[in-house]
Amino acid sequence: IDMTPAVVKYATVPPEDDDEATIHVSKTILTHCVREGEGILSSNAQADPRFQAGDSVARYNIRSAICSPITFGDRTFGAIYIDSSIANYTFTPEQLALMNAIGAHTALALANAEQTARRLQTERLAAIGETVASLSHSIKNILQGLRGGADVVEMGLDKGDIKVARGGWEILRRNLDRIVTLTMNMLAFSRPKHVELEPTNMSPLIRECASLLSDYCEQNSIALMIDVDPEMPPVALDQNLMHQALMNLMTNAVEAVEPGDGVVSVRVRYHEASRPKRRRPVLEISVIDNGPGIPKRKINWIFEPFHTTKGIKGTGLGLAVTKRIVNDHKGRIVVESAEGKGAAFRVLIPADLDEHADPSATDGGPGTPRFGGLS
Ligand SMILES: Nc1ncnc2c1ncn2[C@@H]1O[C@H](COP(=O)(O)OP(=O)(O)OP(=O)(O)O)[C@@H](O)[C@H]1O
Ligand SMILES: [Mg+2]
């Protein structure tokens, strides 16, 4: 190994002279120590028969030196080296023993750190593999849906049967929607934490989400009810991200309920700050359904990425992304559900527009929403 010492840190101001910045050590002593794998104490280095081959001992006028290897098993990390050119000063065996102990501890820590880094790397690769497997599985299913739809369209066109072609087109469109949603969720999942807050009127945002689900609800006789507090002021949100978070929650709800008697309601409320109880205004969005609900033991599990009970129809990214978006808004999401009793997802987000508009009230750096979090 290359045993050329280099300055890593100075205790005082670094010297300007390049030569002074070079550390002169006895390579002869250092090499001997590392090669033999044992600590060395030399009380009179210039007369020491072990170091006669090299000239560094004489060149640097080294009188006494101690050197301990930093090795673990057959792995050599380096050595600790101290020398002195003071004629009547000699290092002691106790000092060597102490340095050997320091060398051994350092080596153990380094070996440990190396092993941890290797394990992390292995775990990372495994996680990437799992992610790619889940995503490609979903994408493959959607592509199969697209091809199936295209085949039906083609069949209808060949036969001149517009009804069949329209049926195929429905399949195509549904799968196009799925790949758009999946792509948006993948992007949201890997995006930086930054949120672009802007004053947002909740009513049009919720209605936009509802209109994207209205065809599905109509076809499956699901009642989708929207109830937005008409008095509420605009709130500070990242509109694109919140749109996506709400779509994920609302899609889950309409997918959970029984066609025929499914009811999904989305309720939006604005809670004024009421010091000292509530320091800042809060936006509350509830998405409530009368579906099968979520068993208690699965409540935490549903927010993990790629956990889905929908087989080929789900990827399991929706709630993971939604939770991230809500957290990035310094809010929180809570679920109330019991098996067979439906589910209620409640999103709570600090909603003070004033602090958002007033830069002097900011507390965070770039990427931090300009308001504090909810606890
Ligand atoms: N409203 C709900 N009622 C019952 N179960 C739900 C509800 N919302 C979510 N879940 C459960 O949580 C799981 C994870 O939801 P998530 O939205 O993360 O993934 P997904 O809907 O399965 O797939 P994706 O959203 O990626 O298409 C679902 O598979 C389902 O089991
Ligand atoms: Mg979902």
Side-chain angles (χ1 to χ4, degrees), residues 130-146 171 173-191 206 209-210 212-213 216-217 220 222-226 240-268 284-328 332-347:
E130 215 175 296
T131 307
V132 171
S134 303
L135 289 178
S136 38
H137 179 73
S138 278
I139 293 168
K140 191 194 83 187
N141 287 322
I142 298 173
L143 290 178
Q144 274 170 351
L146 285 170
I171 302 173
R173 214 178 53 181
R174 206 164 47 237
N175 283 286
L176 271 176
D177 286 348
R178 281 179 68 196
I179 198 109
V180 169
T181 303
L182 176 58
T183 308
M184 296 309 284
N185 276 338
M186 287 195 295
L187 284 173
F189 199 70
S190 54
R191 67 172 236 291
I206 301 279
C209 295
L212 290 170
L213 291 167
Y216 181 91
C217 289
N220 294 283
I222 295 166
L224 180 56
M225 297 188 317
I226 305 294
N240 290 329
L241 291 177
M242 198 45 66
H243 178 271
Q244 195 173 347
L246 290 174
M247 276 311 285
N248 280 327
L249 292 180
M250 289 165 70
T251 306
N252 279 348
V254 298
E255 280 174 356
V257 297
E258 273 304 316
D261 62 1
V263 181
V264 173
S265 45
V266 183
R267 213 176 58 201
V268 182
E284 177 183 352
I285 307 169
S286 311
V287 179
I288 304 158
D289 68 66
N290 66 344
I294 303 152
K296 224 183 178 70
R297 65 197 145 81
K298 285 201 178 157
I299 289 270
N300 289 323
W301 173 89
I302 59 173
F303 291 100
E304 292 292 316
F306 304 119
H307 282 291
T308 179
T309 53
K310 296 177 188 169
I312 61 166
K313 290 206 167 115
T315 306
L317 268 184
L319 285 178
V321 163
T322 301
K323 185 167 182 174
R324 238 200 105 176
I325 291 172
V326 172
N327 285 348
D328 291 350
R332 61 194 170 101
I333 183 166
V334 285
V335 194
E336 285 152 35
S337 182
E339 217 166 342
K341 296 237 174 80
F345 286 78
R346 207 181 309 283
V347 170

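Note that the coordinates shown come from a computational prediction; the quantities given were computed from them, not determined experimentally. Read the numbers this way: they start at 1 and go in the same order the structure lists the ligands and their atoms. Hydrogens, waters and symmetry mates are skipped; everything else that's a heavy atom, side chains included, is used.
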Within reach of ligand 1, part of Leu319 (heavy-atom separation under 4.0 Å): both
Region of Phe345 that comes within reach of ligand 1 [heavy atoms, distance under 4.0 Å]: side chain
Partner set under salt bridge (charged side-chain N to carboxylate O under 4.0 Å, His left out) for Glu304, not counting sequence neighbours: none
Under 3.5 Å: donor-acceptor pair, side chain of Ser337, backbone of Ile294: yes
Main-chain N/O of Met184 paired to Gln244 side chain as donor or acceptor, under 3.5 Å: yes
Atoms in ligand 1 flagged as close to Thr308, the criterion being non-hydrogen separation under 4.0 Å: 20 (P), 22 (O), 29 (O)
Shortest reach to atom 26 (O) of ligand 1 by a heavy atom, considering only Gly316, Gly342, Gly293: Gly316
Per atom 12 (O) of ligand 1, closest listed option by heavy atom (Leu249, Asn185, Ile302, Ile299): Ile302
Residue Thr309 vicinity, atoms of ligand 1 by number, heavy atom under 4.0 Å: 28 (C), 29 (O), 30 (C), 31 (O)
CD (Glu130) with more than 12 external heavy atoms under 6.0 Å: no
Region of His307 that comes within reach of ligand 1 [heavy atoms, distance under 4.0 Å]: backbone
N-O pairing of Asp289 and Lys341 below 4.0 Å: no
Proximal atoms of ligand 1 relative to Gly314 (non-hydrogen, under 4.0 Å): 23 (O), 27 (O)
Option from Thr322, Thr315, Asn248 for which side chain to side chain donor-acceptor pair (under 3.5 Å) with Asn185 holds: Asn248
Please table the atom pairs, donor to acceptor, closer than 3.5 Å between any side-chain atom in residues 252-268 and protein atoms at least two apart or in another chain.
residue, atom, partner, partner atom, Å
Asn252, OD1, Lys310, NZ, 3.0
Glu255, OE1, Lys310, NZ, 2.6

Number of protein N/O/S atoms that sit closer than 2.8 Å to the Mg ion (ligand 2): 1
Nearest non-hydrogen protein atom, atom 17 (O) of ligand 1: Asn252 ND2, 2.8 Å
Residue among Val326, Leu246, Leu249, Ile333 satisfying side-chain contact (heavy atoms from CB on, under 4.5 Å) with Ile285: Leu246
Per-atom contacts of ligand 1 with Ile294, taking only distances under 4.0 Å to non-hydrogen atoms: 4 (C), 5 (N), 6 (C)
Nearest option to atom 25 (O) of ligand 1, as decided by whichever heavy atom of Pro295, Ser134, Gly318 sits closest: Gly318
Under 3.5 Å donor-acceptor, Arg332 side chain and Arg346 backbone: no
Mode of Leu182 contact toward ligand 1 - side chain, backbone, both, neither (heavy atoms, under 4.0 Å): neither
Contacts of type ring pair (Phe, Tyr, Trp, His ring centres under 6.0 Å), residue His307, not counting sequence neighbours: Trp301
Atom CD1 of Ile312: over 12 foreign heavy atoms under 6.0 Å: no
